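Residues take their numbers from the sequence shown, with the count starting at 1. All of these numbers come straight from a predicted model, not from anything done at the bench. Keep in mind that the numbers below use all heavy atoms, side chains included, and drop hydrogens, waters and symmetry copies.
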Amino acid sequence: MNKILKIYIDAYSGLSKESWMLAIVMLLNRMGSMVLPFLGIYMISELGFTLENSGIVLSCFGIGSVIGSWFGGWITDKIGNFKVQALSLFISAPMFLILPLFKTVESFAIIMLVLSIISEMFRPANSVAITRYAKKENITRAFSLNRMALNLGFSIGPSMGGFLSTYSYNLLFYCNAATALIAGIVFVLFFKGRKERNAVDNDEEHENEITTKERNAYTDVPFLIFNIFCILFSIAFFQILNTLPLFYKEVAHLSQSEIGLLMGFSGILIVVFEMLLIHYTEKKFNITQLLVFGSFITAISYSIFIFNHTLAFLYLAIGMMSIGEMLVLPLMSTVTAFRSEKKQ
């Protein structure tokens with residue numbers, strides 16, 4: 001028991017207080033993620049959309065996420081990660097409040113596009129903040145801590161959402177707005193005026209401009225190839241957010257409460273084991289090995305859905321998928337952080 005406790009302590013030790021606070025903000029923000037797994041179900045059962053129309057709206061959400069991620073990264077380089085994170089959180093709150101007002105396919109698709117752009121601006125700015133505030137030797141663990149908070153929020157959110165949606169889907173939107181607002185307040189109170197640990201001062205920046213040429217993300221061929229593999233993995237894995245809950249509802253015939261608990265189970269696994277897994281594996285395997293193995297485990301998890309839809313096998317599949325997620329997603333961020341220059 002003492003040995004297990006020591007492993008946990010070692011996994012979490014040495015992280016900066018800013019890394020912990022960024023994780024707390026992520027937790028608060030993602031506790032409102034209860035809307036996402038139930039969007040498809042909401043559109044079909046509440047708004048009366050067809051499966052095809054729901055797919056169109058979810059595609060708009062995905063397109064907005066791509067635009068938001070790119071725009072968030074671009075504008076973070078221009079105005080800094082603090083302003084982008086604050087803007088994203090404070091603007092997202094009223095956007096969630098007005099979602100129930102949109103009832104048609106066209107209007108709901110447009111509002112979801114805009115909302116996803118605004119909310120996804122947060123992620124690249126948050127990743128920059130992790131890199132700037134983390135101790136250099138702990139960057140992978142800082143990303144893992146942040147993801148642990150994200151998944152704790154994602155386990156609490158859908159579990160609550162499954163119960164709330166049985167009473168009113170509007171409660172999901174209102175709770176999402178509240179958590180985004182609280183996250184924004186906490187973030188601004190803690191980080192306003194705080195000096196970045198790994199910031200580039202003006203002299204160093206000027207020296208870098210003279211002596212070195214910055215790597216450009218859009219012409220860095222190895223990094224672009226790496227991103228292609230990230231896209232292929234993400235196409236499969238992120239079905240967990242929208243398509244998989246529909247599968248649980250329409251094919252496996254689970255109730256909304258059962259879906260919420262199943263999604264919450266994934267988050268709990270990641271909260272309990274991700275930091276330990278990263279702490280253990282990063283000393284024994286290189287990044288490429290872990291990325292390949294994590295992708296392979298995720299592929300196996302999806303294959304289980306083909307053969308068996310009983311609750312026990314659904315839990316087995318989501319458990320294996322969580323292991324793949326723990327190995328792949330933090331290391332995607334680590335590769336990007338190490339590949340980039342300080343100003344990017």
- [ ] Go through the structure and list residues passing salt bridge (charged side-chain N to carboxylate O under 4.0 Å, His left out) with Glu18, not counting sequence neighbours.
- [x] Arg194, Arg197
- [ ] Could you go through the side chain to side chain contact (heavy atoms under 4.5 Å, CB included) check for Leu99 and Leu115 one step at a time?
- [x] CA-CA 9 Å; Leu99 268 182; Leu115 175 59; 3.8 Å; yes
Open item on the list: Looking at every heavy atom in both Ala252 and Leu314, which two are closest together, and how far apart are they?
Closed with: CB-CD1, 3.9 Å
Task: Test of ring centre spacing under 6.0 Å for Phe96 and Tyr174 - done: no
- [ ] Is it possible for you to say whether Ile225 and Val335 belong to one hydrophobic cluster, with membership spreading through side-chain heavy-atom contacts below 4.5 Å?
- [x] no
- [ ] For Gln289 and Asn286, indicate whether the former's side chain and the latter's backbone hold a donor-acceptor pair under 3.5 Å.
- [x] yes
Task: Full working for side chain to side chain contact (heavy atoms under 4.5 Å, CB included) between Thr104 and Leu47 - done: CA-CA 8 Å; Thr104 66; Leu47 298 182; over 6 Å; no
Open item on the list: For Tyr302 and Phe305, take the angle between the two ring planes, folded into 0 to 90°, and tell me which bin it lands in: parallel under 30, tilted 30 to 60, perpendicular over 60.
Closed with: perpendicular
Task: same_hphob_cluster(Ile130, Val186) at 4.5 Å side-chain heavy-atom cutoff - done: yes
Task: Non-hydrogen side-chain atoms of Phe61 and Leu113 separated by less than 4.5 Å - done: no
- [ ] Indicate yes or no: at least one non-hydrogen side-chain atom of Phe122 is less than 4.5 angstrom from one of Leu87.
- [x] no
- [ ] Find the distance between CZ (Phe108) and CG (Leu58) and round it off to the nearest 0.5 Å.
- [x] 9.0 Å
- [ ] Taking the side chain as every heavy atom from C-beta outward, state whether Val328 and Ser295 have any pair of such atoms under 4.5 Å apart.
- [x] yes
Task: Ser255 backbone acceptor or donor facing Glu258 side chain under 3.5 Å - done: yes
Open item on the list: If I take atom CD1 from residue Ile297 and atom CE from residue Met321, how far apart are they, to the nearest 0.5 angstrom?
Closed with: 12.0 Å
Task: Beyond-backbone contact of Ile240 with Ile318, side-chain heavy atoms, under 4.5 angstrom - done: yes
Task: His309 side, atom NE2; Ile304 side, atom CD1 - distance, nearest 0.5 Å - done: 11.5 Å
TODO: Verify the ring-centre separation between Phe173 and Tyr42: is it less than 6.0 angstrom?
DONE: yes
TODO: List in chain and number order the residues that pass ring pair (Phe, Tyr, Trp, His ring centres under 6.0 Å) with Tyr315, two or more places apart in sequence or in another chain; answer none if no residue qualifies.
DONE: Phe265
TODO: Identify the two heavy atoms, one from Met95 and one from Val114, that lie closest to each other, and give their separation to 0.1 Å.
DONE: CE-CG1, 3.6 Å
- [ ] Identify the heavy atoms of Gln239 and Pro245 that sit nearest to each other, and give their distance.
- [x] O-CD, 4.1 Å
Open item on the list: Does any part of the side chain of Glu120, heavy atoms only, come nearer than 4.5 Å to the side chain of Phe71, both counted from C-beta?
Closed with: no
Open item on the list: Using every non-hydrogen atom in the two residues, find where Tyr218 and Asn216 come nearest and quote the distance to one decimal.
Closed with: N-OD1, 2.8 Å
Task: side chain to side chain contact (heavy atoms under 4.5 Å, CB included) between Lys192 and Phe187, intermediate numbers included - done: CA-CA 8 Å; Lys192 186 176 182 181; Phe187 173 77; over 6 Å; no
TODO: Indicate, with yes or no, if Ile56 and Ile67 share a hydrophobic cluster defined by side-chain heavy-atom contacts under 4.5 Å among Ile, Leu, Val, Met, Phe, Trp and Tyr.
DONE: no
Open item on the list: Can you list, by chain and residue number, the hydrophobic cluster partners of Ile306 when the side-chain cut-off is 4.5 Å?
Closed with: Phe307
- [ ] Mind checking the CZ-SG spacing from Phe223 to Cys230? Nearest 0.5 Å is all I need.
- [x] 7.5 Å
Task: Ser116 and Ser119 side chains, donor-acceptor separation under 3.5 Å - done: no
Open item on the list: Would you say NZ of Lys83 has more than 12 non-hydrogen atoms from neighbouring residues, nucleotides or ligands within 6.0 angstrom?
Closed with: no
Task: Sole residue of Ile287, Leu290, Thr298 in side-chain contact (heavy atoms from CB on, under 4.5 Å) with Leu327 - done: Leu290
Task: Spacing of OG1 belonging to Thr179 relative to CG belonging to Leu28, to within rounding of 0.5 Å - done: 8.0 Å
- [ ] Grab the two heavy atoms, one from Gln85 and one from Asn126, that are nearest each other, plus how far apart they are.
- [x] OE1-ND2, 3.1 Å
Open item on the list: Could you walk me through whether Leu246 and Leu51 satisfy the side chain to side chain contact (heavy atoms under 4.5 Å, CB included) test, starting with their C-alpha distance in whole Å, then the side-chain angles of each, then the deciding distance to 0.1 Å, before giving a yes or no?
Closed with: CA-CA 9 Å; Leu246 275 175; Leu51 193 61; 4.1 Å; yes
Open item on the list: When you compare the side chains of Ser266 and Ser322, does any donor N or O come within less than 3.5 Å of an acceptor on the partner?
Closed with: yes
TODO: Would you kindly confirm whether Phe82 and Ile182 end up in one hydrophobic cluster when ILVMFWY residues are joined by side chain heavy atoms under 4.5 Å apart?
DONE: yes
TODO: Look at atom CZ of Phe190 and say whether more than 12 heavy atoms of other residues, nucleotides or ligands are closer to it than 6.0 Å.
DONE: yes
Task: Hydrophobic cluster identity match, Phe229 and Val66, side-chain contacts under 4.5 Å - done: no
- [ ] Verify whether the ring centers belonging to Tyr248 and His253 lie closer than 6.0 Å.
- [x] no
TODO: State whether the number of non-hydrogen atoms from other residues, nucleotides or ligands found under 6.0 Å of Phe90 atom CZ is greater than 12.
DONE: yes
Task: Sidechain-backbone polar pair: Ser88 side chain, Ile118 backbone, donor-acceptor under 3.5 Å - done: yes
TODO: Of all the heavy-atom pairs spanning Ser19 and Ala142, show the shortest one and how long it is.
DONE: OG-CB, 4.0 Å
Task: Side-chain touch Ile228/Leu224, heavy atoms, less than 4.5 angstrom - done: no
Task: Value rounded to 0.5 Å, distance of CZ in Phe191 from CG in Asn81 - done: 8.5 Å
